[in-house]
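Taking it in order: structure first as C-alpha cells, then the write-up.
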2 protein chains.
Amino acid sequence: MKYTYEYPRPALTVDVVAFSLQNQNLCVLLVARGEAPFAGMWALPGGFVNMDEDLESAAERELEEETGLRGAYLEQLYTYGAPERDPRGRVVSVAHFALVPSNEPVRTAGGSDASAAQWHPLNELPQLAFDHQEIVAYALRRLRYKLEYTAVGFELLPETFTLTELQQTYEIILGEELDKRNFRRRILQAGIIEATQQKRSGEGRPARLYRYRDDAVAEVKTRRLFP
Amino acid sequence: MKYTYEYPRPALTVDVVAFSLQNQNLCVLLVARGEAPFAGMWALPGGFVNMDEDLESAAERELEEETGLRGAYLEQLYTYGAPERDPRGRVVSVAHFALVPSNEPVRTAGGSDASAAQWHPLNELPQLAFDHQEIVAYALRRLRYKLEYTAVGFELLPETFTLTELQQTYEIILGEELDKRNFRRRILQAGIIEATQQKRSGEGRPARLYRYRDDAVAEVKTRRLFP
DNA sequence: CCAAAAGTGTTTGCTCTACACCCATGG
DNA sequence: CCATGGGTGTAGAGCAAACACTTTTGG
C-alpha cells in the first residue's frame, strides 16, 4: 500500500433506500432531482460523505437533510462502483437501507438539498436516476430475506402494535398470506415481543397491544438444511 | 446532489479476505507490510481502486498482484469507513471475501506491491494492521453463515473431490462434527454435485470422485421459521 | 488376511401445516 | 342482539437426527 496522495480519487457518496408502509402499501422514499443529470427524475436520497464522518452517519445525515427523518433503523446494504454509473465522473456510492415506522411524519417539502421527498409504492415506481432501480431491487430482496430470519419487521411499526397489524406487515412485504394461528404461535414462541396491558378499541373486539422486546436476540437461529 | 468537484474526497481502497484450507486448517492470506504505518505487521492484501475499474475487478487485480491468485470466488463483503481507521488520512475500504481451492499455488515471494504473502491459520492469527482484525472476524462469520444455506463450500476444493473431503471441509469451517450418512444423503439430495466415473485410491477402499454441477442452483432455499 | 477408509437404511421424535369455532366489544 | 375483528387447539405429514455394520482395496 503506497501513500494515498498519489492517486486520483473517486467521489464517495451514500444513498438510502428507505422503506415504509403507507396505506397498506410498501413504499420507498424518493426525492425529485432538481439538476442535471436526470433533472426532473426521481432518485434515492443521498449525497457526499464528509471527511470526518462515518458512512452510517453520512447516510443518517442525508436522510435527515432531505426528508426530516431521524432515528430510523439503518443498515449498510452494498457498495456500487461501476465506472460509468454516474455520467459526471467516477462516483462510488455506499447504499444503505432504512426502515421507517408508518406513523413517522416525512417533510415532503424539500430541505436544503433536495426539492421534495415522497413515498412511492413499490409496485408503481417511476423510472429512477442512475442505477437506483437496481439498488432498490436489491434492497427489497434483502428486506424480504431479512424478514424471514430476523426481527427487523418491527422497525416498520409504531412502538406498540397488535398482532394483526404485525401479521399484515409481514404479508405485505412477503407478498403472500399467512395463517393467523401459526403466525401468532410462532412469533410468541420466539419471545421477541411481549404483551402490554393496553388494548386498542376499534370495530369489534379490542386487540391487545404488544411491544418489541429490545432485550430479545434479533437473529432467530435458522435451522440449517444444507448440511 | 451537487457537483462532485466541490468536495474533498476520501481515498478508496479494496481489501480481500482470502480463505483456503491448508493442512486441515482454515487459513487467511496475509501480506507483510513493508512500510509505515504498521511496518512489519501483517495485513490483508489490498490497494487503491483505479479510476476506470469496477470494485470487484480492483479486488481481483490486487489479489493477483500480491499473491498471483486468479479466478478465485470473490464477493463483496462490507465497506469500512470509520474516519480514523487509517492514520495517514481518510481511507474508505471496500472489503471482499475470496475462496481459494486448497491446491492453488500462492506466490509467497512478493510481487510488485507487497513483500510476501502467506497463509495463516485462523486460530493463530498474528496482530493485524488497521482494522483488519475486525474485517477478518466479519468475513469468517459470513463464510460460516453462507456455508449453511449455499453451495459456496465447493469453492475451497479442487474440481473433483471425495465426499469425505467435502465433509471435512464443512466440519473444519463450521467447527463441529457432522454425521456421515446424514451428510451424504442431504448433499446428494440437494442435487448440487454429481458423481464422476473416477475413483481415488489411497489407504483403504478407493473413494468415488464428485464434481460440482455448475448448472445447480447455488442457493438452497431455506425453510422459513420466522414466521 | 488384516488394516483402513468407503459406503449404505431404518426408526423415532419433532416441527410445520392445515383447518373452524367461540369471544369481547360498540352501536 | 348483531356485526366486526380478536383470539384459541389439534391431528397428520414430512423432515431431521441418531445410530452400526458391510464392502473394497493395498500391503
Side-chain angles (χ1 to χ4, degrees), chain A residues 21 23-24 147-150 157-158 160-172 174-211 219-227, chain B residues 21 23-24 147-151 153 157-158 160-172 174-211 219-227:
Chain A
L21 293 171
N23 316 313
Q24 309 282 305
L147 205 65
E148 295 192 349
Y149 67 96
T150 71
L157 289 170
T160 62
F161 47 84
T162 68
L163 289 182
T164 302
E165 289 166 351
L166 182 59
Q167 181 176 349
Q168 282 169 351
T169 303
Y170 275 80
E171 288 177 338
I172 291 168
L174 297 176
E176 61 183 308
E177 302 210 331
L178 303 171
D179 180 85
K180 183 159 74 164
R181 279 172 291 188
N182 293 338
F183 181 87
R184 286 165 185 239
R185 179 168 354 102
R186 283 199 273 183
I187 205 122
L188 291 173
Q189 236 165 29
I192 50 185
I193 62 175
E194 60 187 7
T196 67
Q197 289 319 306
Q198 307 148 42
K199 303 214 170 185
R200 168 174 309 162
S201 297
E203 305 182 76
R205 175 173 170 179
R208 162 157 267 127
L209 288 170
Y210 289 79
R211 139 180 358 112
E219 298 266 330
V220 174
K221 186 171 171 54
T222 163
R223 163 105 39 89
R224 176 192 322 160
L225 55 143
F226 186 67
Chain B
L21 292 171
N23 319 312
Q24 310 282 307
L147 205 65
E148 295 192 350
Y149 67 94
T150 73
L157 289 169
T160 62
F161 47 84
T162 68
L163 288 182
T164 302
E165 288 166 351
L166 183 59
Q167 182 175 347
Q168 282 168 352
T169 302
Y170 274 81
E171 287 177 338
I172 291 168
L174 298 176
E176 62 183 305
E177 303 209 331
L178 303 172
D179 180 85
K180 184 159 74 162
R181 280 171 292 189
N182 292 338
F183 181 86
R184 285 166 187 241
R185 180 168 353 103
R186 283 199 274 183
I187 205 120
L188 290 174
Q189 237 167 29
I192 50 185
I193 62 176
E194 61 187 6
T196 67
Q197 289 319 306
Q198 308 149 42
K199 303 214 170 187
R200 167 174 309 161
S201 297
E203 308 180 74
R205 174 173 171 177
R208 161 158 266 125
L209 289 170
Y210 289 79
R211 136 173 8 105
E219 298 265 329
V220 175
K221 187 172 169 55
T222 163
R223 164 105 40 87
R224 177 191 322 158
L225 56 142
F226 187 68

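So that the names make sense, note that chain A is the first sequence line, chain B the second, and so on, each numbered from 1.
With hydrogens and angles ignored, a donor-acceptor pair under 3.5 angstrom links the side chain of A:Arg185 to the base of D:dG9. For a distance-only test at 3.5 Å, the side chain of B:Arg205 fails to qualify as a donor-acceptor partner of the base of C:dA3.
Taking CD of A:Gln167 as the reference point, atom OG1 of A:Thr162 lies at 9.5 Å (rounded to 0.5 Å).
Here the C1' atom of nucleotide C:dT8 and the CG atom of B:Asp179 are 12 Å apart, to the nearest Å. We find that CD of B:Gln198 is positioned 20 Å from P of D:dT24, with the value rounded to whole Å. Protein atom CD of B:Gln168 is 11 Å distant from nucleotide atom C1' of C:dA5, rounded to whole Å. As rounded to whole Å, 13 Å separates atom P of D:dA17 from atom CZ of B:Phe183. Residue A:Arg208 contributes atom CZ, which lies 15 Å from atom C1' of C:dT25 at whole-angstrom precision. Regarding B:Leu178, its CG atom lies at a distance of 15 Å from the C1' atom of D:dC19, rounded to whole Å. Rounding to whole angstrom units, CZ of residue A:Arg200 and P of D:dG7 are separated by 11 Å. As a whole-Å value, the separation of B:Gln189 CD from D:dG14 C1' is 12 Å.
Nearest nucleotide to the B:Lys180 side chain, out of C:dA6, D:dC19, C:dA20: C:dA6. For B:Ala207, the listed nucleotide lying nearest its side chain is C:dA6; candidates were D:dA20, D:dA17, C:dA6. Checking D:dG7, D:dT4, C:dC19 against every side-chain atom of A:Glu203, the shortest atom distance belongs to D:dT4. Looking at the side chain of A:Asn182, the nearest of the listed nucleotides C:dT8, C:dC19, D:dT25 is C:dC19.
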For the pair B:Leu178 and B:Tyr170, evaluate side chain to side chain contact (heavy atoms under 4.5 Å, CB included) and give the outcome as yes or no after the intermediate values. CA-CA 8 Å; B:Leu178 303 172; B:Tyr170 274 81; 3.8 Å; yes
Given side chain to side chain contact (heavy atoms under 4.5 Å, CB included), test A:Thr164 with A:Arg184 step by step and report yes or no. CA-CA 9 Å; A:Thr164 302; A:Arg184 286 165 185 239; 3.2 Å; yes
B:Leu163 and B:Ile193: side chain to side chain contact (heavy atoms under 4.5 Å, CB included), yes or no, with the steps? CA-CA 10 Å; B:Leu163 288 182; B:Ile193 62 176; 3.6 Å; yes
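Where A:Pro206 and B:Gly202 each meet DNA chain D at their nearest nucleotide, the meeting point lying more 5' is that of A:Pro206. In terms of position along DNA chain C, the nucleotide closest to A:Arg181 lies nearer the 5' end than the nucleotide closest to the other residue of the pair A:Arg181 and A:Gly204.
For the pair A:Arg186 and C:dT17, the criterion of a side-chain N or O lying under 4.0 Å from OP1 or OP2 is met. Side-chain nitrogen and oxygen atoms of B:Thr164 include at least one within less than 4.0 Å of the OP1 or OP2 phosphate oxygen of C:dA6. The shortest distance between the side-chain N/O atoms of B:Arg184 and the OP1/OP2 oxygens of C:dG7 is below 4.0 Å.
Contact annotation: the side chain of A:Gln197 approaches that of A:Arg208 to within less than 4.5 Å [non-hydrogen atoms, C-beta and beyond].
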